[in-house]
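Taking it in order: structure first as structure tokens, then the write-up.
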Amino acid sequence: MTTPKEVLKLIQDQKIQMIDLKFIDMLGTWQHLTMFQNQIDESSFTEGVPFDGSSIRGWKGIEASDMTMVLDPNTAWIDPFMAEPTLSIVCSIAEPRTGEPYDRCPRSIAQRAVDYVISSGVGDTVFFGPEAEFFIFDDVRFDQNASSGYYYVDSIEAKWNSGRSEAGGNLGYKPRFKEGYFPVPPTDTFQDMRTEMLLTMAKLGVPIEKHHHEVATGGQCELGFKFGKLIEAADWLMIYKYVIKNVAKKYGRTVTFMPKPVFGDNGSGMHCHQSIWKDGQPLFAGDKYAGLSDMALHYIGGILKHAPALLAITNPTTNSYKRLVPGYEAPVNLAYSQGNRSASIRIPLSGTNPKAKRLEFRCPDATSNPYLAFAAMLCAGLDGIKNKIDPGEPLDKNIYELSPEELAKVPSTPGSLDAALEALEKDHSFLTAGGIFSEDFIQNWIAYKLDNEVNPMRLRPHPHEFALYYDC
């Protein structure tokens, strides 16, 4: 733990002049405000720093726009991408008149979820370990207007460039579709870049583990960091995305966490490992299926029961559902298994170590807001524990080899964002239990997504529609 006094002493000792205050908006993007060091004092960590919240997506109207950023001293790090030495601090949002956490602040919602676990007596610590995949491109262009709409992405290592004339000659090291996991250099062209990404994260306090190329051609990659307590894991994931994008830019590349930017190859997910502990002991280890406890199985039951609604938060974009289709290792089947990666919940092999016992929910993707996604998954699991929801029998068969009759018995994920939002409208009491998510937040979320994402997509002609229908 770091105290406000220690942060202020760091600023003084290192003669840091600029303090960058970061907070997360409703949709999951970091926003920031940079202040001169004399504007920050101990009261900034309790009373906060005022700002206008009316221009933040999905938040307040201009008639009630005053808000405050409350600095978290445990999140301070020197930003490696600023020319002037700058201390970065993550903030939660509070109401300036009452000092209470803002109802729609994702970080505050996550804190309420953790507090609810403790107050309910279920446990005292919740661990999450996200695995976010991404694409590195050399070029990206897109536009949409009244008379045209297109996107273009390119990567020098992509298979579609195997016949292109390139400066100095085309050397031919291009991973084939679905064969990017994981060849050595020179076919893997991003080794040094990923190493720099990983080591930069370590300098910022993220406990790093590994990096590697992923399945898809065209620059799909993943970096790994250790699991952490729910809020710190979400903080680390935001640092992860920030570092990856900025290091890639340094190399003249661009990064996207879109789940499906490339047609015909694997998409990018964010598998989320999770477990609950109490008094230093893991509560998901037991003598039931795959070494799980009854609590863990009930937690799985809660996630599976609420998955259609849950995905409106963990897979919150229209592009999310272009990944969740059969045939690309996507977890479209709402089932659990100790080894089947096509099931939405997998029980990773953990040997005999009970502390490693956990479950992995494979549906989410990194377009989600991690604070909201982690809190929502926890809410679903807690509902399963509270109501002792039976997850049913595990599915240890190869799902892709099931007969049509067998497959018809396995529930699947929603096919679109609007279908997930409809499920959320009907099923969200598991989120509002304990006051974690408010009814206002849920209704605002649904309305925002429909008005700003689902309906605009419905209104616009798609490029493929011209191929299908122009000559009708």
Side-chain angles (χ1 to χ4, degrees), residues 77 80 127-137 155 157 173 175 178-230 232-251 253 255-259 265-275 282 323 328-331 338-339 341 345-351 353 355-366 368 370 373-374:
W77 41 269
F127 288 112
F128 269 82
E131 299 175 341
E133 299 164 336
F134 56 94
F135 277 86
I136 303 171
F137 292 128
S155 168
E157 72 149 48
Y173 295 112
K178 295 191 178 185
E179 294 188 22
Y181 192 87
F182 23 50
V184 299
T187 302
D188 178 3
T189 62
F190 299 113
Q191 174 72 20
D192 291 338
M193 189 192 309
R194 290 197 310 267
T195 294
E196 184 169 339
M197 291 170 175
L198 197 70
L199 294 180
T200 301
M201 286 166 52
K203 292 176 184 177
L204 306 187
V206 178
I208 60 173
E209 288 187 334
K210 60 187 177 183
H211 70 76
H212 58 85
H213 203 287
E214 262 296 345
V215 175
T217 191
Q220 190 183 37
C221 297
E222 180 187 317
L223 278 62
F225 60 88
K226 294 181 181 179
F227 65 88
K229 297 176 182 179
L230 188 151
E232 71 179 355
D235 288 341
W236 292 341
L237 184 62
M238 294 307 297
I239 293 174
Y240 177 98
K241 296 176 78 171
Y242 182 72
V243 167
I244 286 169
K245 290 179 178 180
N246 279 283
V247 171
K249 185 174 182 294
K250 173 183 170 182
Y251 280 78
R253 267 41 182 267
V255 160
T256 183
F257 287 89
M258 279 180 65
D265 211 336
N266 283 31
S268 294
M270 184 177 72
H271 307 152
C272 290
H273 298 251
Q274 47 205 284
S275 64
R323 164 183 168 252
Y328 297 94
E329 298 185 27
Q338 63 181 337
R341 280 180 160 80
I345 295 179
R346 186 177 75 93
I347 316 305
L349 295 175
S350 56
N353 183 4
K355 294 185 176 181
K357 189 56 64 179
R358 63 200 186 277
L359 62 92
E360 174 192 19
F361 188 40
R362 297 173 62 80
C363 290
D365 64 59
S368 62
F374 296 172

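Side chains are part of it too, since the values below use all heavy atoms of this structure and drop only hydrogens, waters and symmetry mates. Predicted model only: the values in this text are computed from it and were never measured.
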Just how far is it from atom [atom1] of [X] to atom [atom2] of [Y], taken to the nearest 0.5 Å?
X    : Y    : atom1 : atom2 : answer
K250 : M197 : NZ    : CE    : 10.5 Å
L204 : L199 : CG    : CG    : 11.0 Å
I244 : L198 : CD1   : CG    : 9.0 Å
Q338 : E360 : CD    : CD    : 13.5 Å

Tell me whether the rings of Y240 and F257 are parallel (<30°), tilted (30 to 60°) or perpendicular (>60°).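 Ring orientation of Y240 relative to F257: tilted.
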Discussion item. Parallel, tilted or perpendicular: which one describes the rings of Y242 and W77, with boundaries at 30° and 60°?
Written reply: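 Because their plane-to-plane angle lies in the 30° to 60° range, the rings of Y242 and W77 count as tilted.
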SB check K226 E209 (cutoff 4.0 Å):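 Result for this pair is no, no salt bridge flagged.
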- request: Ignoring hydrogens and angles, state whether a donor on the side chain of H213 or E157 is under 3.5 Å from an acceptor on the partner side chain.
  value: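 The answer is yes; a qualifying pair exists.
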Using distance alone, with no hydrogens and no angle criterion, decide if H273 and E131 have a side-chain donor and acceptor under 3.5 Å apart.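 H273 vs E131: donor-acceptor pair found between side chains.
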Check for a donor-acceptor pair, side chain of [X] on one end and backbone N or O of [Y] on the other, with a separation under 3.5 Å.
X    : Y    : value
E214 : G180 : no
T217 : P175 : yes
E222 : H212 : no

Within 6.0 Å of OH in Y251, more than 12 heavy atoms from elsewhere:
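Buried by this count: over 12 neighbours within 6.0 Å.
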